[in-house]
Amino acid sequence: MLFSQLLIPTLKESPAEAEVISHKLLMRAGFIRKLTSGVYSYLPLGLMALRKIERIVREEMNAAGAQEVLLPMVQPADLWAESGRLKKYGPELLRFRDRHDRESCLGPTHEEVITDLVRNNIHSYRGLPVNLYQIQTKFRDEIRPRFGLMRGREFIMKDAYSFDASSDAADRSYEAMKYAYHRIFTRCGLRFRAVEADTGTIGGNFSHEFMVLAETGEDTIVICRSCSYAANLEKAACAAPAPASDEMQPAAKVETPGKRKVEAVCEFLGIEPSRLLKTLIYRADGQPVAVLVRGDHEVQPVKLKNALKASEVELATDEECFAATGTPTGYLGPLGLKIPVIADQAVLGMRNFVTGGGEKNFHLTNVNLGRDFTPGQVADLRMVTPGDRCPLCGGELELTRGIEVGHIFKLGIAYSEALNARFLDAEGEMRPFIMGCYGIGVSRVLAAAIEQNHDQDGIVFPLPLAPFKVIVVNLGFADEAVGQAARSLYQALRESGIETLLDDRDERPGSKFKDADLLGIPFRVTVGKRFASGGLVEIRERASGKITELALAEAVERLARLTATD
RNA sequence: CGGGGCGUAGCGCAGCCUGGUUAGCGCGCCUGCCUUGGGAGCAGGAGGCCGCGAGUUCGAAUCUCGCCGCCCCGACCA
């Protein structure tokens, strides 16, 4: 296509509202424009890049045996009432009334619709398994949309839903999707990790998030330097410590006037924070619980919640702590508590440690687990920190940032039960479908790809996602022979099936080079004075800046090789 | 929803505090000349409900109040 005929409104400066690099570059390169908060128009180049992602997603979903459908965006509120989510989903679900005063909503996700479709059309185990997917615009009325395409209110998502007759079959569907996702993100040319994730309110044991690795990511993930272990920080486990072997010393009470914070107590007593035991009071579904962690560790609330099998945990206020223990915060200790006590597993590795004294201005030294107190439960409760040991191989754990671009869940029967979606099994029994759901934020993949692949000059697209593989820069406005050569090269590339953009604008070379860099097209071919003098053109690789000069006649073949994928 | 900030030409901004000619600057855009291997130069030009509405004032982009929109931090998040 011709640059002069495409709508590519590039900008020299970033709009003030753009904060993150992908947003800035998507705006500057003329890929998107904002209509209103969290809602964007895709211009030709933006759409082309999006189509690249969609195509890879389609091919891999189809290869995995899924079938494409297209579900309605406008959905009746009744259906959401039936699943119970009309109340539960909250204001993120955009609701409105149609002319007949029927309550409706815009689909933020499609579990209800797909379950309704399947319950009405599949009645026998013979119709299973089935996996249906769509690529469609979703609307979620986010509290705070931000970062351009990263967290919009309207966004494009691929969502797939599997229906199986047995738990084993559902596991196979899940694994097939996990494999397909690995292929999708690999083919997109992205560096990513599949991490174990918390299942949130949906429940179940299976959930993986696919994270594109980028320093600017919103989520912290934990990866092992030595093996493939990777997990969301909310879920990340760490290896249990070696049990303590020091001699137990006699416990003693010491006065620590006004020393409430870990730091202050340690300084006062001249010990490391790792020798102190913190006692924190949480409210778990309304009931107080004492949580014990080492002084230099932090509680991970989601791990605590899971360990307690609670549906909600929250740090108690100072008043609540006092009410539950009779001790002011700062001097809480595990001895003599009347509420349940749960300890982080790292506490097992502690000997002769310091705890709160259970009364104002006192601490206890040389306290020992087993001798002085025994927690009702021990579990892995703390936030992983860099340098912790991998639970699988013992290697060193590393914290890094990622952008969630995919999430796969084993749903089980939550939706099929709520919506009474059942099939007749081989024994003639009615059973609920066992479901899984699998999302990919297609528009977010575009943003994530740019967060991961850019430099000072602009986007550096991975080859498979680039809107064009080659841009031919025609510098022949003073020399018709050069212009003619550029046009014929462009034609020849197109005829070889290489997606090519011809910069035919009557601009100065500098502007053309700047724009070519900004757009992130992987290969730039310049036809200019080097051609006029010696018949040579120049191929420049966007990512490396590597320049190759060669005869015009050889360019097509060379580029065909350079741009070959799959 | 709480806290903070911003709305002036397509984009980036100044002017506002201390009210007073015709509201400026850079980039972009249009015309002409010139130039053509990393965002050239010269000359001319178009483009503004100064977010909206009230108020104060002889007079409001500027002061006051209300509203709307946008951005950032937080809470929240399949």
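The aromatic rings of H182(A) and F210(A) stand perpendicular to each other, their planes meeting at an angle above 60°, with 30° marking the opposite boundary.
When the P atom is used for both G4(B) and G66(B), the distance is 14 Å, rounded to whole Å.
Distance, D159(A) CG to A78(B) P: 16 Å, rounded to whole Å. Distance CZ (R33(A)) to C1' (C70(B)): 16 Å, rounded to an integer number of Å. As rounded to whole Å, 16 Å separates atom P of A78(B) from atom CG of D141(A). Atoms CG (L35(A)) and C1' (C70(B)) sit 13 Å apart, rounded to a whole Å.
When the nearest nucleotides of RNA chain B are assigned to E142(A) and H23(A) by heavy-atom distance, the more 5′-ward of the two goes with H23(A). Both F147(A) and R505(A) lie near RNA chain B, and the one whose nearest nucleotide falls closer to the 5' end is R505(A).
Aromatic rings from H23(A) and Y40(A) are positioned such that their centres are separated by under 6.0 Å. Taking the six-membered ring wherever Trp is involved, the centroid distance between the rings of F409(A) and H407(A) falls below 6.0 Å.
Residue S37(A) places at least one side-chain N or O closer than 4.0 Å to OP1 or OP2 of C71(B). Residue T36(A) places at least one side-chain N or O closer than 4.0 Å to OP1 or OP2 of C70(B). Checking the phosphate oxygens (OP1, OP2) of C73(B), a side-chain nitrogen or oxygen of R146(A) falls inside 4.0 Å.
Minimum atom distance to the side chain of I143(A) is reached by G74(B), of the listed G38(B), C73(B), G74(B). You'll find that the side chain of K34(A) is closest to C71(B), out of C71(B), G37(B), G74(B). Residue R508(A) has its side chain nearest to U35(B) when only C72(B), U35(B), G39(B) are considered. Considering only side-chain atoms of Y89(A), the nucleotide from U36(B), A78(B), C70(B) that sits closest is A78(B). Among the nucleotides G74(B), G37(B), A78(B), the one closest to any side-chain atom of L475(A) is G37(B). Of the candidates C72(B), G39(B), G12(B), G12(B) carries the atom nearest the A16(A) side chain, counting heavy atoms from C-beta on. Closest to the side chain of D506(A), out of U36(B), G74(B), A78(B), is U36(B).
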Chi angles and distances behind the side chain to side chain contact (heavy atoms under 4.5 Å, CB included) call for E111(A), L411(A): CA-CA 10 Å; E111(A) 282 83 6; L411(A) 289 176; 4.1 Å; yes
Walk me through whether K178(A) and I408(A) qualify under side chain to side chain contact (heavy atoms under 4.5 Å, CB included). CA-CA 7 Å; K178(A) 197 168 146 199; I408(A) 59 178; 3.8 Å; yes
Where do R283(A) and E320(A) land on the side chain to side chain contact (heavy atoms under 4.5 Å, CB included) test, with the steps shown first? CA-CA 9 Å; R283(A) 255 185 303 114; E320(A) 288 168 332; 2.9 Å; yes
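Sorted by first and then second residue, the salt bridge (charged side-chain N to carboxylate O under 4.0 Å, His left out) pairs with a member in residues 143-156 of chain A read D141(A)-R153(A), E142(A)-R151(A), R151(A)-E218(A); sequence neighbours excluded.
The pair K158(A)-E54(A) does not count as a salt bridge, with every side-chain nitrogen at least 4.0 angstrom from each carboxylate oxygen.
Residue E215(A) holds its CD atom at 10.0 Å from CD1 of I403(A), rounded to the nearest 0.5 Å.
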Enumerate all atom pairs, one protein N or O and one N or O from nucleotides 23-32 of chain B, separated by less than 3.5 Å.
| from | atom 1 | to | atom 2 | distance (Å) |
| --- | --- | --- | --- | --- |
| G26(B) | N2 | E13(A) | OE1 | 3.2 |
| C27(B) | O3' | K12(A) | NZ | 3.2 |
| G28(B) | OP1 | K12(A) | NZ | 3.1 |

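Inspection of the K410(A) and S167(A) side chains reveals an N or O donor paired with an N or O acceptor under 3.5 Å.
The stretch residues 520-531 of chain A touches RNA chain B through R524(A), T526(A), G528(A), K529(A), R530(A), each having a heavy atom within less than 4.0 Å of the strand.
You'll find a donor-acceptor pair under 3.5 Å spanning the side chain of R151(A) and the base of C77(B), going by distance alone.
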